[in-house]
Amino acid sequence: MSEEIKVETAKFDARFPNTNQTKNCWQNYVDYHSCVNASGEGCEYYKKVFQSLCPVEWVSNWDEQREAGTFTGKI
Amino acid sequence: MNIRELKGRKEALGNWGYGDAPEPWQLGLQDPGCYLMEDIVQFHDWIMYILVLILSFVLWLIVRALTTNSTNMYLVDAPVIEIIWTLIPAGVLMFIALPSLKLLYLMDEIGEPALTIKAVGHQWYWSYEYSDYGNSTVEFDSYMIPTSDLNSGDLRLLEVDNRLVVPIHTQVRVLVTGADVLHSFAVPSLAVKIDAVPGRLNQTNFLIKRPGVYYGQCSEICGANHSFMPIVIEGVAMEKYTNWIGALLSE
Ligand SMILES: [Cu+2]
């Protein structure tokens, strides 16, 4: 099992140099879903980043909002 | 000191004799577990050195002023001494401010993190998430072990049931948020203290330089059990970490 573990994570993003990373998580979540809606290809990068950065509870809340049509991001 | 206290002390000092947990009546800082904390300890010592110089000088002046019988009762102004006692303190403050600012900005620098850990403060426990591994996230809660359940040698109010396991010599990004009210994620030996704010993600980082068990506590008053939600970080070799996370991922 341990050979499969790759120790890597979301890289430093110059758009979000501050302590506050809320927007970093949010932007990658929005980018992933607008990417999926637009083309559906090459979106895995955004997914990896937002999964690394966003708390699980936030993601599940946003997923529910998208299903209910109350999500406030443009996707 | 009886055997029980000795054992507790040994645990607090770890197998290598480091102080990575608070001691009773402790006045100084805990032992540094990362390079940044070494610099912070040095900076603290530097300020204390300046403090001792100033305090001794001022005390000497006070004693002189109170014990002398040669007082100049016609003295109105003295521009030279006023310039001196403005410029010298300004210089001293600069020698404190510059290294302080340097440390402040170094602490913000996350470098190239190899691992992201999310810490979420709850009333009253911490929960941790490791989600660099695709769709399978490792998620667990970390509760304090109540005093009645402690083993001999355990640290009271500091042990938890599930420790945060982290590889050493690795840049680790920590993202902290709160689920209900304000908390604060703090580990003195690793130079980490950052607020956990609901709806906001705060980023900090550390690079552990030696294996050990690092203790911290919630540091923002968060309600009745604020004192009972400690943080325990276990710094292990990378191989041990991958084995540990691998076992949790395959569960
Ligand atoms: Cu708290």
Side-chain angles (χ1 to χ4, degrees), chain A residues 1-33 35-37 40-68 70-73 75, chain B residues 104-105 107-122 127-139 166-167 170-180 194-205 238-251:
Chain A
M1 187 70 208
S2 69
E3 307 91 64
E4 295 170 33
I5 303 288
K6 245 181 143 185
V7 181
E8 60 173 18
T9 188
K11 292 201 168 51
F12 172 76
D13 187 337
R15 294 176 296 168
F16 308 102
N18 302 314
T19 299
N20 187 355
Q21 292 289 304
T22 318
K23 268 283 170 73
N24 194 353
C25 145
W26 163 263
Q27 196 61 53
N28 280 288
Y29 181 86
V30 170
D31 285 351
Y32 171 68
H33 287 287
C35 174
V36 168
N37 288 348
E41 275 172 37
C43 306
E44 284 307 297
Y45 174 81
Y46 298 118
K47 191 178 185 183
K48 269 203 82 103
V49 174
F50 90 70
Q51 279 180 333
S52 277
L53 299 182
C54 297
V56 172
E57 207 193 316
W58 293 17
V59 174
S60 63
N61 276 343
W62 291 338
D63 286 347
E64 277 171 27
Q65 290 171 5
R66 276 190 308 111
E67 259 157 50
T70 54
F71 187 66
T72 51
I75 50 173
Chain B
L104 189 67
Y105 287 112
M107 290 172 79
D108 262 356
E109 207 60 60
I110 66 155
E112 278 184 21
L115 177 72
T116 302
I117 285 162
K118 282 165 273 175
V120 184
H122 302 259
S127 68
Y128 302 113
E129 296 169 15
Y130 296 74
S131 43
D132 290 338
Y133 310 100
N135 289 326
S136 41
T137 293
V138 171
E139 221 185 326
V166 166
T170 306
Q171 191 72 44
V172 179
R173 173 199 276 132
V174 189
L175 292 169
V176 182
T177 186
D180 32 48
I194 192 155
D195 271 14
V197 185
R200 176 176 162 135
L201 261 189
N202 274 339
Q203 175 177 258
T204 185
N205 73 96
M238 180 56 91
E239 210 189 319
K240 275 197 169 178
Y241 167 75
T242 47
N243 285 338
W244 176 82
I245 198 84
L248 284 177
L249 281 171
S250 56
E251 256 173 32

Is [X] in contact with chain A via its backbone, its side chain, both, or neither, using a 4.5 Å heavy-atom distance?
X: B/T116; answer: both
X: B/E129; answer: side chain
X: B/D108; answer: side chain
X: B/I117; answer: neither

Return yes if some donor-acceptor pair links the side-chain N/O of [X] with the main-chain N/O of [Y] below 3.5 Å, else return no.
X: B/K118; Y: A/C54; result: yes
X: B/R200; Y: A/Q21; result: no
X: A/T19; Y: B/N202; result: no

On a heavy-atom basis, which atom in B/G199 and which in A/T22 lie closest, and how many Å separate them?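 It is O-CG2, 3.6 Å.
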
Looking at every non-hydrogen atom in both residues, tell me the closest pair between B/T177 and A/P55 and how far apart they are.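 Of all heavy-atom pairs spanning B/T177 and A/P55, the closest is CG2-CG, 3.9 Å.
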
Check whether A/K47 gets within reach of chain B through its side chain, its backbone, both or neither, counting any heavy atom under 4.5 Å.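 Side chain of A/K47 only, per the 4.5 Å heavy-atom cut-off to chain B.
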
Let me know if A/N24 has heavy atoms under 4.5 Å from chain B in its side chain, its backbone, both or neither.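 When you check distances to chain B, no heavy atom of A/N24 falls under 4.5 Å.
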
Looking at A/N18, A/V56, A/V7, A/V49, which one has more heavy-atom pairs under 4.5 Å with chain B than the rest?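 The option with the most such pairs is A/V56.
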
Look at A/F16, A/W58, A/F12 and state which one has the largest set of heavy-atom pairs under 4.5 Å with chain B.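 Going by pairs under 4.5 Å, I would pick A/W58.
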
Given side-chain hydrogen bond (donor to acceptor under 3.5 Å, both in side chains), test B/D132 with A/T9 step by step and report yes or no. CA-CA 6 Å; B/D132 290 338; A/T9 188; 2.9 Å; yes

